A.B. asks: 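Have a look at this one.
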Amino acid sequence: NVFFLYCFVFGNLGFPQMGVGGAGLASSIAEATVTLVFIVFLFVRRFRKDYKLFEFVKVRWRLMGSMLKLSSPLMLQQVISVGAWWLFFICIEHLGERPLAISNLLRSLYAFYGIPIWALASATNSMTSNLMGQGHPEQVISLVKKVSVISIGFSIVFAAFLNFFPVEAFSVYTNEKDLILESIPSVRSLTLAIMFFSFSILTIFAVSGTGATNVSLLIEVIAIVIYIIYTVIATVIFEWSLPAIWLVESVYWFSTFIMCAWYLKYGKWRLKTL
């Protein structure tokens, strides 16, 4: 992706200069490459033979129904989550061009930090499901705590760099000095969101990993409702400062953690079966 961004966006190495369109083309090529790697890996490692992939004796409707019942809340959960993020930036846009530009910088840093944390959350989800399948639900809480230590460690390092070297961090995304200086007051809000994000996302992934996808969807809906209410109040009704508006991320992750922690402590997920 980086290589073709260099080629297509700026027109280097003899490639046409395509600007933003080149970024889209580079991403498409990268995704196609990943797909090709998966297919080759699938056959080279004999997974097709070992797991009898693409060999269908008969359609198992009951199994398909169970899988759809388990997975459909997760799909809806992702739609709701992305939709709320989209609504947030729509509200920011009404505040003006400058707040939107700053928010895009904050989002870029947020997304960059999220790469290792999302990976840890996905691992937590898979390992939780594995423990449930082995019949060891009593180890799930311990797993979440252990992964949380790693995740919080990432957040501390990243937050420290962001607070001590904010200009350098923002300079990766823009050379406009005034924009960077205007973005620095919002760093504290972003730092707080990062801290909550580091362990809250593990709990919501652990809940879905237990098979309680309906519960994780309900938690997501409640948290998103809180998120939207705060966003509308902060941007449309009172037009608070950008650092105050960005506290919505902390509110969202904190409320998510409270509900997930309660369910993991008192819920009946230990008796969950497919």
Side-chain angles (χ1 to χ4, degrees), residues 1-16 18 20-79 81-82 108 110-137 139-140 142-144 146-151 153-154 157-158 198 201-202 204-213 216 272-274:
N1 197 7
V2 172
F3 173 76
F4 282 110
L5 283 172
Y6 176 76
C7 294
F8 288 122
V9 173
F10 303 106
N12 294 314
L13 303 180
F15 288 89
M18 300 174 62
V20 175
L25 180 57
S27 297
S28 298
I29 293 174
E31 291 293 337
T33 304
V34 169
T35 303
L36 181 62
V37 169
F38 279 141
I39 293 173
V40 172
F41 190 79
L42 180 67
F43 286 91
V44 170
R45 291 297 300 272
R46 295 170 53 87
F47 287 154
R48 179 178 177 273
K49 181 178 180 180
D50 293 342
Y51 298 105
K52 298 181 179 179
L53 300 177
F54 313 114
E55 298 178 15
F56 303 101
V57 178
K58 64 177 181 179
V59 177
R60 300 171 64 181
W61 296 106
R62 183 176 179 182
L63 178 60
M64 290 179 62
S66 297
M67 293 178 65
L68 287 172
K69 180 181 178 181
L70 188 67
S71 61
S72 54
L74 295 177
M75 293 186 290
L76 183 57
Q77 185 176 331
Q78 291 299 314
V79 171
S81 179
V82 173
S108 297
Y110 201 18
F112 175 78
Y113 162 75
I115 294 173
I117 304 307
W118 277 101
L120 289 171
S122 296
T124 301
N125 181 271
S126 298
M127 295 173 72
T128 298
S129 297
N130 186 278
L131 289 173
M132 294 294 292
Q134 292 183 39
H136 296 296
Q139 297 181 21
V140 170
S142 176
L143 167 68
V144 175
K146 290 177 180 178
V147 181
S148 293
V149 172
I150 302 173
S151 186
F154 272 113
V157 172
F158 186 80
S198 65
I201 191 172
L202 302 182
I204 189 68
F205 271 61
V207 170
S208 62
T210 64
T213 53
S216 65
K272 192 75 177 176
T273 57
L274 182 62

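Excluded from the calculations below are hydrogen atoms, water molecules and symmetry mates; all remaining heavy atoms, backbone and side chain alike, are included. From a predicted model like this one, the values you see are computed outputs, not experimental measurements. The residues of the chain are indexed from 1 along the displayed sequence.
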A.B. asks: Lys69 and Pro73: which non-hydrogen atoms are nearest, and at how many Å?
C.D. replies: O-CD, 3.3 Å
A.B. asks: Starting at CZ of Arg60, measure out to OG of Ser66 and round the result to the nearest 0.5 Å.
C.D. replies: 10.0 Å
A.B. asks: Assign the ring pair Phe158 / Phe112 to parallel, tilted or perpendicular, where the plane angle (0 to 90°) is split at 30° and 60°.
C.D. replies: tilted
A.B. asks: Looking at every non-hydrogen atom in both residues, tell me the closest pair between Ser216 and Gln77 and how far apart they are.
C.D. replies: OG-OE1, 3.1 Å
A.B. asks: So which heavy atom on Leu131 is nearest to which on Leu143, and how close?
C.D. replies: CD1-CD2, 4.0 Å
A.B. asks: Return the CD1 to OG distance between Ile117 and Ser151, rounded to the nearest 0.5 Å.
C.D. replies: 3.5 Å
A.B. asks: Using modelled atom types and a 3.5 Å cut-off, is there a donor and acceptor pairing between side-chain atoms of Ser27 and backbone atoms of Ala23?
C.D. replies: yes
A.B. asks: Is any side-chain heavy atom of Phe3 closer than 4.5 Å to one of Leu13?
C.D. replies: yes
A.B. asks: Donor-acceptor pair, Ser72 side chain versus Leu68 backbone, under 3.5 Å?
C.D. replies: yes
A.B. asks: How many angstroms lie between atom OG of Ser28 and atom CG of Asn1, to the nearest 0.5 angstrom?
C.D. replies: 9.5 Å
A.B. asks: With the side chain counted from C-beta on, respond yes when Thr213 and Ser71 share a heavy-atom pair under 4.5 Å apart, and no when they do not.
C.D. replies: no
A.B. asks: Can you give me every donor-acceptor pair (side chain of residues 120-128, partner residue at least two apart or in another chain, under 3.5 Å) with its distance?
C.D. replies:
residue : atom : partner : partner atom : Å
Ser122  : OG   : Trp118  : O            : 3.0
Thr124  : OG1  : Leu120  : O            : 2.8
Asn125  : ND2  : Phe205  : O            : 2.9
Asn125  : ND2  : Ser208  : OG           : 2.8
Ser126  : OG   : Ser122  : O            : 3.3
Thr128  : OG1  : Thr124  : O            : 2.7

A.B. asks: Please report the interatomic distance OH(Tyr6) to CZ(Phe15), rounded to the nearest 0.5 Å.
C.D. replies: 11.0 Å
A.B. asks: Please table the atom pairs, donor to acceptor, closer than 3.5 Å between any side-chain atom in residues 29-38 and protein atoms at least two apart or in another chain.
C.D. replies:
residue : atom : partner : partner atom : Å
Thr33   : OG1  : Ile29   : O            : 2.7
Thr35   : OG1  : Glu31   : O            : 3.0

